[in-house]
**Q** 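Below you'll find the structure I mean.
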Amino acid sequence: MVERYDVVVAGGGPAGLAAARVAAAEGGKVLLLELQAQIGGQAQSATWVPADVITPPLKKSIVANMKEIKLHSPHKELSTSGDFGVIVDRRLFDKLLAAEAVASGAELWVSSPVKKLLVSGDVVQGVHVEAGDWADRIESEIIIDATGARGEWSSLLLRKMLKRDWKRELLALSNEYLMVNVTNDQSADLFFTSYFAPLGHAWVYPFGKRFAMAGVQGVRIHPDAALDEFIGRRGVPRLERAVPVAAFRGQLPLEGPLNQTCANGIIAAGGAAGQIYALSGQGLRYALRCGEIAGKVAIDAITEGDVSMGGLADYERQWRAEFDAELRAGQLLHSSLSVSQDQQMDALLGALEDKPKLQQAFIDVFTGFRLKGPLEALLKDEEISRIFGRETIEKTLALK
Ligand SMILES: Cc1cc2nc3c(=O)[nH]c(=O)nc-3n(C[C@H](O)[C@H](O)[C@H](O)COP(=O)(O)OP(=O)(O)OC[C@H]3O[C@@H](n4cnc5c(N)ncnc54)[C@H](O)[C@@H]3O)c2cc1C
């Protein structure tokens, strides 16, 4: 028997879980299909987010507060204090999101990879799910593609319809180790050197008592070799006695959002739609919010009886009004720092020295947590605006 739903969500990460929660809360019959055997299974553990995205039910997933950040270039080091958001454990965070979605009435299946879309003409009408010798055909008014940007089966849905593959030259590869026996488990480190150029950096994030997450990302690196070499060569003092107990490989598309994030009967949200801030590779807050918008618009379109691309256009309008300028700013700033030359980053840290307010502004701009005010502050400093490129900063500020 063919199963029938109002909304099928492919992918149980933050975008899919937020979409499923909202669509079910709006009264839809909703099914979420997750490829992995558990929600939060594949996710890299440490994710840095602004504190205001953590609603009370998600608080338990916070493992560290980002209060002190050390910035490193090849020959300089700066330490800055402030309220820079929190680190959440994605393995728990995603499960808490799943609890919310299920409490709203969504059905959730794990170990259920969506292998292809059911398409009639140019209208998506369902999905084909297949695992081992089990297969199912599920019909649905709307599919939400929330398959992220990692792994073999990610992003094959809307992108396939649009015949748009990822731009390989802008696909950053990453590897992270969860390290135990870390001596300073309070502060975070960000490393900018030509070793990860172009388009890369490395980090050590706090992850609770005696734990830290050390990672690298870059476009032309071999992530495994680069991470081992980074830890060995850089000699980060707090990691001297630490050992890895888990590794998380990933990839991050830094090309910016798709030009078109919905088609007839389908919406893409989160990593699958390219909703990632290129300068730092952050994406969780966009995934959550765009997932929510997708869930609401899907139910509105079904209620109106129009699930065509025109009927779903409100999704495109709403998320772009909230985030498009910010995401484009991330791309502009990223390409201005992308060469990540050692001298450039030494000069940047030199210019930030003894200027705690500007150090905070740089971190706000790097994460994208706050943009306009911090960018204006950076622009006022002659040396910093020269390093970013005055034109880049002005163009960024002009984005609407
Ligand atoms: C190394 C690294 C570090 C990062 N650090 C940060 C950070 O500090 N802060 C931040 O905000 N963001 C960070 N990000 C980005 C952030 O992880 C993503 O933006 C976010 O996870 C996107 O959420 P999503 O729900 O769109 O996709 P995902 O979290 O990738 O979830 C997609 C889900 O879909 C499932 N899936 C895939 N294909 C299928 C299929 N065919 N059928 C069924 N299920 C499928 C996957 O198993 C997965 O569970 C980082 C990313 C990487 C790789």
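Every number for a ligand or one of its atoms is a count from 1 in the order of the listing.
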**Q** Using a 6.0 Å cut-off, check whether atom CZ of Arg320 has over 12 heavy atoms from anything other than its own residue.
**A** yes
**Q** Taking all atoms of both residues into account, what is the closest heavy-atom pair of Val49 and Val53, and its distance?
**A**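 So the two residues come closest at CB-CG2, 3.8 Å.
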**Q** Verify side chain to side chain donor-acceptor pair (under 3.5 Å) between Gln360 and Thr80, making sure each step is shown before the conclusion.
**A** CA-CA 7 Å; Gln360 291 180 10; Thr80 185; 4.5 Å; no
**Q** With Tyr205 as reference, evaluate Phe191, Phe84, Phe211, Trp48 under the ring-ring contact (aromatic ring centres under 6.0 Å, His included) test and give the passing residue.
**A** Trp48
**Q** With atoms numbered from 1 as shown, which atoms in ligand 1 lie under 4.0 angstrom from a non-hydrogen atom of Gly271?
**A** 26 (O)
**Q** Looking at Leu96, Val102, Leu32, which hits side chain to side chain contact (heavy atoms under 4.5 Å, CB included) with Leu17?
**A** Leu32
**Q** Within the structure, does Ile276 bring an N/O atom to less than 3.5 angstrom of an N/O atom in ligand 1?
**A**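 In fact, backbone or side chain, Ile276 has no N or O that close.
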**Q** How many angstroms lie between CZ in Arg210 and OG1 in Thr183, if you round to the nearest 0.5 Å?
**A** 10.5 Å
**Q** In ligand 1, which numbered atoms sit nearer than 4.0 Å to a non-hydrogen atom of Gly281?
**A** 12 (N), 13 (C), 14 (N), 15 (C), 50 (C)
**Q** Need the ligand 1 atom indices (1-based, order shown) with element for anything under 4.0 Å from a heavy-atom of Ala15.
**A** 25 (O), 26 (O)
**Q** At a 4.0 Å threshold, what atoms of ligand 1 neighbour a non-hydrogen atom of Glu176?
**A**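 Every atom of ligand 1 under 4.0 Å from some heavy atom of Glu176: 1 (C).
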**Q** Evaluating non-hydrogen atoms only, which member of Gly85, Ala146, Ser111 is closest to atom 32 (C) of ligand 1?
**A**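 Looking at heavy atoms only, the winner is Ala146.
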**Q** I need the atoms of ligand 1 closer than 4.0 Å to a non-hydrogen atom of Trp48, numbered in the order shown.
**A** 7 (C), 8 (O), 9 (N), 10 (C), 11 (O)
**Q** Is Glu292 paired with Arg21 through a side-chain N to carboxylate O contact shorter than 4.0 Å?
**A** yes
**Q** What are the atoms of ligand 1, with element, lying closer than 4.0 Å to any heavy atom of Gly270?
**A**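 Ligand 1 atoms under the 4.0 Å threshold to Gly270: 26 (O).
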**Q** For ligand 1, indicate whether the residue Leu284 contacts it via side chain, backbone, both or neither (heavy-atom separation under 4.0 Å).
**A** both
**Q** Identify which of Glu130, Arg249, Gln217, Arg90 has a heavy atom lying nearest to atom 29 (O) of ligand 1.
**A**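 It is Arg90 that holds the nearest heavy atom.
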**Q** Any N or O of Leu35 that comes nearer than 3.5 Å to an N or O of ligand 1?
**A**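 Yes, at least one N or O pair falls under 3.5 Å.
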**Q** With the threshold set at under 4.0 angstrom, would you say Gly215 reaches ligand 1 through any of its heavy atoms?
**A**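 Gly215: no contact with ligand 1 (<4.0 Å).
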**Q** Of the non-hydrogen atoms in Arg159 and Ala272, which two are nearest, and what is the gap between them?
**A** NE-O, 3.6 Å
**Q** Check whether any N or O atom of Ala10, backbone or side chain, sits under 3.5 Å from an N or O atom of ligand 1, and answer yes or no.
**A**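 Among all N and O atoms of Ala10, none is under 3.5 Å from an N or O of ligand 1.
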**Q** For the residue pair Ala347 and Glu383, what are the closest heavy atoms and their distance?
**A** O-OE2, 4.2 Å
**Q** Quick test of your reading of the model: are Glu376 and Lys372 salt-bridged, counting only N-O distances below 4.0 Å?
**A** yes
**Q** Nearest non-hydrogen atom to atom 49 (O) of ligand 1 belongs to which of Lys116, Met213, Glu34, Lys115?
**A** Glu34
**Q** Of the options Trp203, Tyr277, Phe192, which is the one that meets Phe366 in a ring-ring contact (aromatic ring centres under 6.0 Å, His included)?
**A**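 The residue from Trp203, Tyr277, Phe192 that satisfies ring-ring contact (aromatic ring centres under 6.0 Å, His included) with Phe366 turns out to be Phe192.
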**Q** Do any nitrogen or oxygen atoms of Arg285 lie less than 3.5 angstrom from nitrogen or oxygen atoms of ligand 1?
**A**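 No: no nitrogen or oxygen of Arg285 is under 3.5 Å from one in ligand 1.
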**Q** Any nitrogen or oxygen of Val114 lying under 3.5 Å from a nitrogen or oxygen in ligand 1? Just yes or no.
**A** yes
**Q** Which of the atoms in ligand 1, numbered in the order shown and given with their element, are less than 4.0 Å from a heavy-atom of Ser174?
**A**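 Checking each atom against Ser174, I get 1 (C), 53 (C).
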**Q** For Gln36, counting its heavy atoms only, list the atoms of ligand 1 lying under 4.0 Å from any of them.
**A** 47 (O)
**Q** Below the 3.5 angstrom mark, is there an N/O of Gly16, backbone or side chain, next to an N/O of ligand 1?
**A**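 No - when backbone and side-chain N and O of Gly16 are compared with those of ligand 1, no distance drops under 3.5 Å.
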**Q** Ignoring hydrogens, what is the shortest heavy-atom contact between Val86 and Asn65? Give both atom names and the distance.
**A**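 Nearest pair, atom of Val86 first, then Asn65: CG1-OD1, 3.3 Å.
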